[in-house]
Amino acid sequence: METVTTVREMKARSRAWRRHGLSVGLVPTMGFLHRGHGSLVERSVRENGRTAVSVFVNPAQFGPGEDLESYPRDPARDSAYLKSLGVNVLFMPEPSEMYPPGFATAVEAPELGEALCGASRPGHFRGVCTVVLKLLNAASPDRAYFGLKDAQQFFILRRMARDLDLDASLVPCETVREADGLAMSSRNSYLTPEERAVAPLLRKALLAAEDYLIGGGRDPAEACGIVGGMLSGESRFVPDYVEAVATSDLKPVSEVSSEILLAAAVRLGRARLIDNVIFDPSGPSRKPRGGAGC
Ligand code: PAF
């Protein structure tokens, strides 16, 4: 595995791969990798001739007072993990490489980016869209892989790719979970043992609402009420939102008649946990539950 730090080098590697007829997969990450990232990488390695992984803690997607400075980092461990997974290039640029002096452009999908997490993190998805577009430009992948724990992020990036005629296919991958259902996240490292013990309640609450939908319930307010009711049973949870929106435009729905994203965010100590279920009333019967891989 080679580590490159400049956009020029990343572009050169990708061009060389293409000249040899190899397809390219990209897994964008902010590092402090866990098995959730690992499953994206494994899939990219399976599906492409070459895989690049970016590790870049993107300042543009952190708001004032958020955890940019304290965001967990372990480049040496990340590098060893990626090497063991068969990654070809680790792209690890400095902020000054991605945002040189005079950088003045941003990309956003304002309506989608202001819903759900965007309401309490203004500007977050502008930062995500801008950096992902730059990473796609640098690596020119055939496919780029994203986890569905961040479902809003995926639906916004999918819209950006469509609206801007990007060549890459954006591939959604199932959330990878701990044995007790908690979605894997680099920020889970912020949880104290006591907080970690109650954290899976978020997943349990969403599954209870999913059961209501699988059972034929079609009232989004009722589904959100089930989640909110269960979350209120744990006083350490400070709910941010529980919402049911259409996956097509992230607007709230008044009835569950097409695919919805039922998403929730809570603060728990220093951590902000997010999770979701995606439910399509006309979709195939639901998969058995369990620690699904990518
Ligand atoms: O999901 C993430 O880790 C980040 O938002 C991403 C896509 C790598 C952009 O910085």
Side-chain angles (χ1 to χ4, degrees), residues 7 10 25-41 43-44 51-63 66-75 78 81-82 87 89-95 97-99 103 105-109 112-113 115-118 120-139 141 143-161 164 166 168-176 183-190 250 261 263 265 271-276 294:
V7 171
M10 186 64 250
L26 172 69
V27 183
T29 81
M30 296 210 301
F32 208 67
L33 304 174
H34 49 69
R35 279 195 293 111
H37 297 110
S39 74
L40 307 182
V41 173
R43 181 159 173 191
S44 176
T51 289
V53 176
S54 60
V55 169
F56 178 61
V57 181
N58 173 33
Q61 68 189 73
F62 289 77
E66 289 189 355
D67 55 345
L68 172 61
E69 298 310 326
S70 58
Y71 193 82
R73 291 163 169 89
D74 193 341
D78 288 348
Y81 184 39
L82 294 173
V87 168
V89 161
L90 165 57
F91 179 40
M92 228 189 310
E94 289 295 323
E97 173 70 12
M98 296 301 274
Y99 303 111
F103 186 91
T105 303
V107 185
E108 65 181 325
L112 286 76
L116 306 173
C117 287
S120 53
R121 304 189 69 190
H124 170 69
F125 290 109
R126 186 187 316 124
V128 170
C129 287
T130 304
V131 82
V132 170
L133 185 57
K134 283 177 66 76
L135 293 168
L136 292 172
N137 241 340
R143 298 175 196 84
Y145 297 83
F146 298 90
L148 281 175
K149 177 179 73 65
D150 300 299
Q152 180 179 13
Q153 167 172 281
F154 176 75
F155 290 123
I156 291 174
L157 293 173
R158 184 178 70 176
R159 177 66 72 88
M160 174 182 82
L164 300 183
L166 303 187
S169 299
L170 305 198
V171 183
C173 295
E174 290 255 350
T175 303
V176 177
M184 289 194 181
S185 165
S186 306
R187 287 185 169 107
N188 289 349
S189 60
Y190 294 158
L250 302 184
L261 169 66
R272 182 171 177 280
L273 307 180
I274 60 172
D275 206 344
N276 64 77
C294 169

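Every number for a ligand or one of its atoms is a count from 1 in the order of the listing.
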Do ligand 1 and Thr29 have nitrogen or oxygen atoms that lie under 3.5 Å from each other?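 So ligand 1 has no N or O lying under 3.5 Å from an N or O of Thr29.
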
Regarding ligand 1, does Asn58 bring an N or O atom to under 3.5 Å of one of the ligand's N or O atoms?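 By distance alone, the answer is no.
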
What are the two closest non-hydrogen atoms of Gly31 and Val55, and how far apart are they?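 That would be CA-CG1, 3.7 Å.
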
Nearest heavy-atom pair of Pro95 and Pro59: which atoms, and what distance?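 Heavy-atom minimum between the residues: CB-CG, 4.2 Å.
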
Numbered atoms of ligand 1 (with element) below 4.0 Å of [X], judged on heavy atoms:
{"X": "Gln153", "answer": "1 (O), 2 (C), 4 (C), 5 (O), 7 (C)"}
{"X": "Pro28", "answer": "8 (C)"}
{"X": "Gln61", "answer": "4 (C), 5 (O), 9 (C), 10 (O)"}
{"X": "Val131", "answer": "9 (C), 10 (O)"}

Whether [X] side chain and [Y] backbone form a donor-acceptor pair below 3.5 Å:
{"X": "Gln152", "Y": "Cys117", "answer": "yes"}
{"X": "Asp78", "Y": "Phe32", "answer": "yes"}
{"X": "Lys149", "Y": "Ser185", "answer": "no"}

Count the heavy atoms of every other residue, nucleotide or ligand shown that sit under 6.0 Å from CZ of Arg35, and state whether that count exceeds 12.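 Count not over threshold, so no.
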
Closest protein heavy atom to atom 3 (O) of ligand 1, given as residue, atom name and distance to 0.1 Å: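 Closest protein heavy atom to atom 3 (O) of ligand 1: Met30 CG, 3.7 Å.
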
